[in-house]
Amino acid sequence: MTSGTAALQERRYRILVTGYAISSYGTFLNVVALSLYVYAVTDRALAVGVFMAVRLAAGFVAGLASAAVLARWSPKGVMFWANVAQAAALLLLVLAPDGFRTSTLFAVSAVVGASGTLFMVTLRSSIPDMVGEGRHTWANSLMVSGRSMAMVAGFASSGVVVSLLGYTAAFLVDMATFLVCALTVLLLPMPMGPARGNEEKDSQGKDVGDGQDSQGNREEEGADRQGRRRDGRRRVPAALVALGAVPVLGLMVALRGIDALGSSSHNAALPVYSTELDADNPAVFVSVFWCVWALGNVLVQQVLQRYTKRTGRSVGALGFGLGTIAMSGTFILAFAGLPWAVTVLVALLAGAADGLTEVSYTSHLQTLPSPLRTHAFGLSATVENLGFGVGMIVVAAALDVFTPLSVVGVAHGAAIVLAMVYVARVLRGRGAQEAGEAQEAHEAQEAQEAVPGSEAREGKQREQGEQGKGESGAGPARGGHRDGAEVSGG
């Protein structure tokens, strides 16, 4: 890849991240504005919970269907229409008559939840194709930085926008942010139509590729179809194949789900804890905590980008496990009633650890081949939505009985325990890999020594001869290393 092509890719990706950050602002503004609007329209707190449940359920289903959608449509088309769908849903809400607002609200919830998940799965799985090899960490850091700043801006301005401009203005602002993101997607140098629409075709209209591979694929597909007809059973889901494609990937995705449950605990507990600290101004602690958290998140992205540029290495699977332990530990400390100065430092570290886990997790999944990568990100989104949704229900009930510290401690404590198991598995896998590489190197050395006239063989014979002079009864035939271990002749 030439430097000019790389620079063009980077510039277009920066434009896309800018659009994504703007739409993320709309998403977080949506979280507050839509929740308040649901309560204002229905006058029932239960309706707010059902609204969030519909949104998470739609995201859950979209995560399961994302691989099938991307198998039929190009990533550019999916990202574009996901943003357009969210903008159209908000416009429908603005134009809905009074008698249809409640039903429209839940339709908007489903569209926003499904479209947002589809966009994120597509974006994360397509980054390697957008920026090229070796740029994953930089690209993920830039994406996370943009979203973190947008989150703070969205939460901080939501109250002002709704109070001063009203719900209609808030929804129109949200709609505009999604349209801006859709426009930035159009600038990507990728096909817009169906995924198979750009493949070359022969004179009979059949796909042309590697003839042997195509024939093999057709034979394999035919065998699969015959097998399903014979016994009526479906193939093993591709998402499960993705789990087995990379060591400890299944445990990694499971840890991500438990981490989402932990996130639901501190999200639900923060307003309660903040009210306990200052009943007159409960928003102070929440706003300060999230602003400092976002600052830590952005700062760690700068460190990761410089580290990757200087060393050429990325933060891998081990960084994800260690980051999860640090993040969960700091979130528990945030509810421990520490002095303000210490709590601010804890929030900063929590944001930094959260940013580290996000980048390392995304970068590691992006090392998968393209088809499996899509399945892995879709499955991950499903597990995350499930963990967060279940967590919100369980945590909300637990906070009526237990203190915020105990609830957050249990939820994030479970993440710490699983993360420790995960780190142990990763370290054991690395040890086994290093031992295997050492064994392969030793076998290669022995094979070279067995070649007559080779330098390795002659050097081995000289070494054995010198050992034989100093050892009675020890000849060359007895100097072999059958177990692969170096034995001192002293």
Side-chain angles (χ1 to χ4, degrees), residues 15-44 47-56 58-59 62 76-120 122-123 143 146-188 283 286-287 290-291 294:
I15 294 174
L16 175 63
V17 169
T18 301
Y20 167 63
I22 293 173
S23 69
S24 294
Y25 167 79
T27 298
F28 291 113
L29 181 60
N30 249 338
V31 170
V32 178
L34 283 173
S35 297
L36 292 173
Y37 188 66
V38 170
Y39 188 75
V41 170
T42 64
D43 197 28
R44 298 185 64 187
V48 179
V50 174
F51 178 85
M52 292 299 298
V54 170
R55 183 170 182 166
L56 290 170
K76 181 176 180 178
V78 173
M79 288 190 290
F80 175 80
W81 289 111
N83 280 283
V84 170
Q86 293 180 82
L90 289 167
L91 179 60
L92 179 63
L93 180 60
V94 170
L95 300 177
D98 291 342
F100 293 92
R101 283 185 180 176
T102 301
S103 58
T104 304
L105 271 170
F106 290 102
V108 169
S109 178
V111 171
V112 169
S115 299
T117 298
L118 277 177
F119 178 85
M120 282 307 303
T122 307
L123 174 60
M143 177 185 68
R147 188 182 64 194
S148 298
M149 291 186 288
M151 186 189 77
V152 175
F155 282 151
S157 65
S158 58
V160 177
V161 172
V162 172
S163 299
L164 297 182
L165 303 179
Y167 290 111
T168 299
F171 298 151
L172 291 176
V173 169
D174 295 345
M175 183 185 72
T177 64
F178 293 120
L179 292 177
V180 169
C181 186
L183 291 176
T184 62
V185 170
L186 288 178
L187 298 177
L188 294 174
V286 175
S287 59
W290 283 124
C291 286

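Just so we're clear, the structure is a prediction, and the values are computed from it rather than from any experiment.
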What is the distance from atom [atom1] of [X] to atom [atom2] of [Y], rounded to the nearest 0.5 Å?
X: Ile22; Y: Thr27; atom1: CD1; atom2: OG1; value: 12.0 Å
X: Leu123; Y: Leu118; atom1: CG; atom2: CG; value: 12.5 Å
X: Phe171; Y: Leu165; atom1: CZ; atom2: CG; value: 12.5 Å
X: Thr104; Y: Leu93; atom1: OG1; atom2: CG; value: 6.5 Å
X: Phe100; Y: Leu105; atom1: CZ; atom2: CG; value: 13.5 Å
X: Leu183; Y: Leu16; atom1: CG; atom2: CG; value: 12.0 Å

Taking every non-hydrogen atom, the tightest pair across [X] and [Y]:
X: Met175; Y: Leu90; answer: N-CD1, 3.7 Å
X: Ala21; Y: Gly146; answer: CB-O, 3.7 Å
X: Gly19; Y: Cys181; answer: O-CB, 3.4 Å
X: Ala182; Y: Val84; answer: CB-CG2, 4.2 Å
X: Ala85; Y: Val111; answer: O-CG1, 3.6 Å
X: Asp174; Y: Gly26; answer: OD1-O, 3.4 Å

Please check: side-chain N/O of Thr122 versus main-chain N/O of Met79, any donor-acceptor pairing under 3.5 Å? no
Could you list the residues that satisfy ring pair (Phe, Tyr, Trp, His ring centres under 6.0 Å) with Phe28, not counting sequence neighbours? Phe155
Applying ring pair (Phe, Tyr, Trp, His ring centres under 6.0 Å), can you list everything that pairs with Phe178, at least two apart in sequence or on another chain? none
With sequence neighbours excluded, give me every side chain to side chain donor-acceptor pair (under 3.5 Å) pair touching residues 78-98. Asp98-Arg101
Aromatic rings Tyr20 and Phe119: how do their planes relate, parallel, tilted or perpendicular, breaks at 30° and 60°? parallel
When Thr177, Asn30, Val152 are each screened for side-chain contact (heavy atoms from CB on, under 4.5 Å) with Tyr25, the one that passes is Thr177
Do Leu172 and Val94 come close enough that some side-chain heavy atom pair is under 4.5 Å? yes
